[in-house]
Structure formats: structure tokens, C-alpha cells
Amino acid sequence: MKKNQTDKIRNIGIIAHIDAGKTTVTERILYYTGRSHKIGEVHNGQAVMDWMPDEQERGITITSAVTTCEWNNNIIQIIDTPGHVDFTIEVERSLRVLDGAVGVFCAVGGVEPQSETVWHQADKYYVPKIAFINKMDRIGADFFKTVRMIKERLNANPLILQLPLGAEDAFVGVIDLLSMKSFIWETEEFGKNYRIEDIPENMLEQALEYREKIIESAAEFDDDIMEAYIGEQEITNEAIIASIRKGTVGLKLVPVLCGSALRNKGIQPMLDAIVQFMPSPFDVPPIEGVLSDSKEVIKCFPQKNKPLAALIFKVAMLEGRKLCYARIYSGELTAGQSVYNSARGIKEKVARIMLMHANKKERIEKAGPGSIVGLVGLKLSSTGETLCGETDKLILENIEVYEPVISIAVESKTVSDQDKLSEIIEKYTAEDPTLKVKTNEDTGQTILSGMGELHLEVIVSRMKREFNLEVNVGRPQVVYRETIGIKHTEAFIFDKEIDGRRRFAEVKIQLTPLKRGMGNLFKSEVNNETIPDIFIEAIKGSILQSLESGIVLGYPVIDVEAALVGGSFKENISDELAYKASASIVCQKALAKAESFLLEPLMNVKVFVPEAFMGEVIGDINSKSGKIEGIEANDGIQILSAIVPLSKMFGYSTELRSLTQGRGYFTMYFSHFDKN
């Protein structure tokens, strides 16, 4: 790998709906850049980036994989992300550290539900994007329909840079509207070679029309191009490319390309577009961090001579060893260097730095700004934590973690393996922030909670494959939440002798129900004479901790405002312990009288079904207490959108196959908690 030049780096992610062809696109990129010497295919379980046995068996991406390759003297660092909603955290934490993304769309399916989800995730982190319309060789492929969907559903501004040359079985290449040439791929050598020819006469008029639109768009971002355009002067391709790059990096444009990754067509021009239009670390605003001591906001510029700022965005266990994936934003990291984890307030040593190629590792001695690397030797550091110099104590923005919505009970088949089970689960929860574990105090069962049935199924499968551990699994259970129905005020006096001394505290709180999604809030309405300020933080902590376990079934309480409205204090006998105890007890008493009730996870469900079966499917959704949100027609397929309780969706894939003679399918992702 060439020496790290920050302006030559492109950090990109491949994002899309499941089965749009993300991993197939990535495999071709690796082959044409010389990173791989043969093309790995998803359908035969030989994709380089899908290295986990579960990925190879299921033909889907489960964990985001990192690789590095070169194209035209530029370094492209790629993260191939999952398309299945159960593994959305892998997309979230990848987008957090990327500078650009390639959205892959199926030319037949267009913008599918998970495409919308990952696209909006990228919008949240202000990630510039290119769109690659894949599978142009498929029956029913419609390039312009997909472009319209990108505009309408994603609220994006697509700029067509290529037109497909042929469609379905007759798809042979693309018309490049910048060079105004046809690129036609050879069938030999796995698409390594392509011919450059003049545009066919029957497509020249359409090509000129879309070339004109490119110049009009470029003129919006460059005054010189605007003047030349108005004056009907010649405009160079270099000026057009620079202007499109400016619009793309500024999130104003989405360049649109097309091809067929499986048929080895269209990948090389996409690589050119990545280099031309995707930003380097210099082209995006410097990430901001906060000094933990002074709370001063610091910008982290991508320069080697600046203080170190690196974010751990993923933790994985490879070959039994902990590997931390990190993005370096500023400064330089050297193997053997001591670093400071500002989130934990500890020093750690980076034993080795690895350049990653899926699950393969290449040792390097140094890594500079813009690098995405694997770090070995960090014992306690975890996802979302910042590595910096000890004098800086810088904290970068953490990664948002989704709450699990489904649980299973797991137990080892033998008593002797129980400790082993605990150790394994600890490793998996360190890897995956959306995987939660707790012990049921009544039954002693170990409860695993995750993002969906597939998520938990994969974890159980990995236990057997990676650690030869057989487990018994209980039926999936829904993870509920609790909230209150009415406003209620409650007071409690704690007055007991503990450790040989009397302790006193009186706390009066008012619980108020909030709108869904507002979370839990605390406010204090008492003065220093009623309860000294030094005890307010202890009361707040105790109340918020009490809300973690409700009185209905012990689930966390959400969307409640707890106001400290009164109380009392006695000199010499009131202390922090007494206020904590009083706050905890009064909170539980208030919950019991505020008409607490359960909230269940409601799911966004999209059902794709032939029109002939719509009546049966709608009737079935209604029987599950589902609420139909809308119905949309798309080439003979009806897309039914609904909100359905998760508890009614277990085993739905089998039910849907039965209702539609195997022709229907659905996608589902978490919407919100509410009373159904």
C-alpha cells in the first residue's frame, strides 16, 4: 500500500437495501483495483467481504467489513455494510466515520424500504453520496423510474452522468455524458476490458439532452461556468467535474451511474466517480470534539502535526482476540504508543496497528489522518470511545445506539458450560452495542435482547460455530416499556437508623406523562433552604435509576417527567444516602398510583404482494391489530405499509407465504413504543 497522503484518501461506505448487490459491487471493486485476484460471489458463499460462515450460508452481509484498495493513485478505504434492518447498528457506526457513500439500488426494485433507512442515516451524518443503479441486466430493469424514486422518496437531487446502453438481456454498457462516449464491456476477462466508441445515432439526441442538464447543474455551483453557459462559450470537462464535485460534497447533488455488477459492467467508471466526486478528509468540515476538563469545543483538522483524535467505531473478536476499529481524524498513531481513553479516563497501549482486508490483517507501523485501521492491545476501550493524548482529554461525539425490541432466554445444555456462556455473551455484547443481556431474578434465566429474530438467531449460531457451545433457546419474547397515564404527586419521609446513626430525608415528587419519544426528564423546583443543592444530583440519579424498572412487569419506564416539588432537610442527620433511599421509594410509590401501563414495540411493516392477494393480506394485518398506513402500486406489485405490534409478527414470513402462494415478501423495522 502506498504512503498515506491524506488528500488522496477516499473513505466510502457501500449502503443499500438487502439484495441490491452491495457486496457484489464491492467484490468487483476489489478485483479491478487488484486487491483480489479472483472474483468472490455471494451466491456461492465465496465473497471476500462476507467472511463469516453465517454470512456465506445465508448469502447476506451481517457485519460491516473494512478493506483498502488503490485506484489511479488514490487510496479507497471501503466499508461494506449490511442491508438487513436487524444489523442497522453496523450501518450507523460505519456512516459515523465515513466521508462519502455509494448507494446501490436495484434497477427493478428501485428505492426499497431499507434503502430509505440507510440513506437517511447517511443524511444524519451529512455524508455525500453517489447513486449506482445496479442490475440493469435484469428483466424489468427501469433506470429512469429508479432515478425518479431517488428524487421523490429520498428527497435527493439526482444528476444523471450515465445512460444505460440497452436494457435487460441487451444491456452491454453505458453512455458517459461527460466524455460523450459509449463504454461497452467485453465478456472475457471478467469485465476488465471495455471498448470506448461513439454514441449510437439513435441515442445521441437523448445523450445531448442530459449533457445539457449536467452543464445547467454545474453552472449553479460555479460562476465562471454560468457566464460561459450564458455566453454559449466552450466549457471544459475539468471545470464541469470540479463543479459537480463541489455540489456533491456540499450535499446538493447526487451523481447517478448505472451498471450490472454481477455481469461485470459499469464498475470502473464508478471507481473514477468515487475519486472525482467523493471528498477526501480535507474536503469535509473538521470533526468537533469537547475537552472533558474545560468543555471547550475543539476542531480536529486532518493533519499529522495536530494532537491525536481517533474514534473507535467498532469492536470485534477475531481469532479470540479483541480488535478495535478506529478512524483517525487528526494526529498520527504509532505501534506501541500509549493513548488516553477520554471516556473512561484511562491509558491504554496500542500494541499493533492493522490495515484490514475483511478478516485478514496487514501490520503497519504508523497511521495518519483519514486512516481506518484495526488496533490490537486495547483491553478496556469500547465502541464510541475517543483515543487522544493524555493532556488533551478530548471527547468526540458518541455513536447512537438503538434499543433492542426482542428477547430470548438462553441456557447452556450442561451445567459445566454455564460460566463459558457468560464469558461468550460478554464478548458479543462488547462487539455489538444493540445486544443486551440481563438475568431474570425470578427464574435465574439469562435473557438476550436484540434488534430482531435474525439478529438473535445469528448470535446463537455463532456460539456453536466459534465456541462449540450448545445452548437451549426459549421462545422469542417482546421487550416492552412502561409509562404512566396520569399526573401524580407523592411524598415520602425516610427516617431510619443505619450503621448506628439516624438518617433523615423527605422527598416530594410529581410525575407527569410526556408525549411519546420525549424520554425521561428531571427538574428541580425546590430552593436551597428546602433541600440543599448538594443533594439534588443524588436525588435525580436515584429517581432516574428507579425509572429503569417499572411496577407493571419491571420494564423500563419512558416518557415521564419527574419534578422535585418539595421535601425537607434536618441539620446533621440528612445525608446523600437518605435522600437516595427516599427518592427511590417515593418514585416507586408514585408509579403505582399514576396508572402505569405497558407500551409495546410497534413495527413499520411493508408487505410486497401481487394484487390478487391484497384482500387476504389486509385482512390478516387487521387481525393482528395492525393499522394500514397506505397502499402503493409498483409494476403489478402492491406495496402495503402498516404499523403492527411486534408481538403479532413472529412467524409472519411463513404466514405470508401461505397467504400469497409464496409470492409475497415483507420488510420490518422498529417504529416506536406505544399503547396498541
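The analysis underlying the following values was restricted to heavy atoms, covering all of them including side chains, and did not include hydrogens, waters or symmetry mates.
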Is the Lys NZ or Arg CZ of K314 less than 6.0 Å from the centre of Y325's six-membered ring, within 45° of the axis? yes
Greater than 12 external heavy atoms within 6.0 Å of K540's NZ: no
Rounded at 0.5 Å granularity, tell me how far CG in L553 sits from CG in L598. 5.0 Å
Return the OG to CD distance between S542 and E537, rounded to the nearest 0.5 Å. 12.0 Å
Using atom types as modelled and distance alone, determine if a side-chain donor or acceptor of S596 lies under 3.5 Å from a backbone N or O of L591. yes
So, N472 side chain and V410 main chain: donor-acceptor pair closer than 3.5 Å or not? no
So, does Q77 use its side chain to make a donor-acceptor pair with the main chain of I372 at under 3.5 Å? yes
Check each of V376, L378, V373 against C324 using the side chain to side chain contact (heavy atoms under 4.5 Å, CB included) test, and report the only one that passes. L378
For the side chain of E332 and the backbone of K306, is there at least one donor-acceptor N/O pair under 3.5 Å apart? no
Quick check against the 3.5 Å criterion: does S574 have a side-chain atom that pairs as donor or acceptor with the backbone of F504? yes
Between S582 and A578, is there a donor-acceptor pair closer than 3.5 Å when you use the side chain of the first and the backbone of the second? no
Can you check whether V552's main-chain N or O pairs, donor with acceptor, with E482's side chain at less than 3.5 Å? yes
Donor-acceptor pair, distance only, cut-off 3.5 Å: does the side chain of N341 make one with the backbone of R344? yes
F597, CZ atom: more than 12 neighbouring heavy atoms under 6.0 Å: yes
Pairwise distance CD1(I509) to SG(C587) - rounded to 0.5 angstrom: 4.5 Å
Any donor-acceptor pair under 3.5 Å linking the side chain of S280 with the backbone of F282? yes
Inter-residue atom distance I312.CD1 - T386.OG1, 0.5 Å rounding: 8.5 Å
Apply salt bridge (charged side-chain N to carboxylate O under 4.0 Å, His left out) to K347 and E390, showing your working. CA-CA 8 Å; K347 286 178 71 174; E390 190 173 2; 3.7 Å; yes
Return yes if some donor-acceptor pair links the side-chain N/O of E348 with the main-chain N/O of K379 below 3.5 Å, else return no. yes
Neighbour count above 12 (heavy atom, 6.0 Å) for N155 CG: no
Does atom CD of E629 have more than 12 heavy-atom neighbours from other groups under 6.0 Å away? yes
Taking ring-ring contact (aromatic ring centres under 6.0 Å, His included) as the cut-off, I'd like each qualifying pair that reaches into residues 562-585, sequence neighbours left out, listed once. F535-Y579
Quick one: pull up CG in L602 and CE in M649 and give me the separation to the nearest 0.5 Å. 12.0 Å
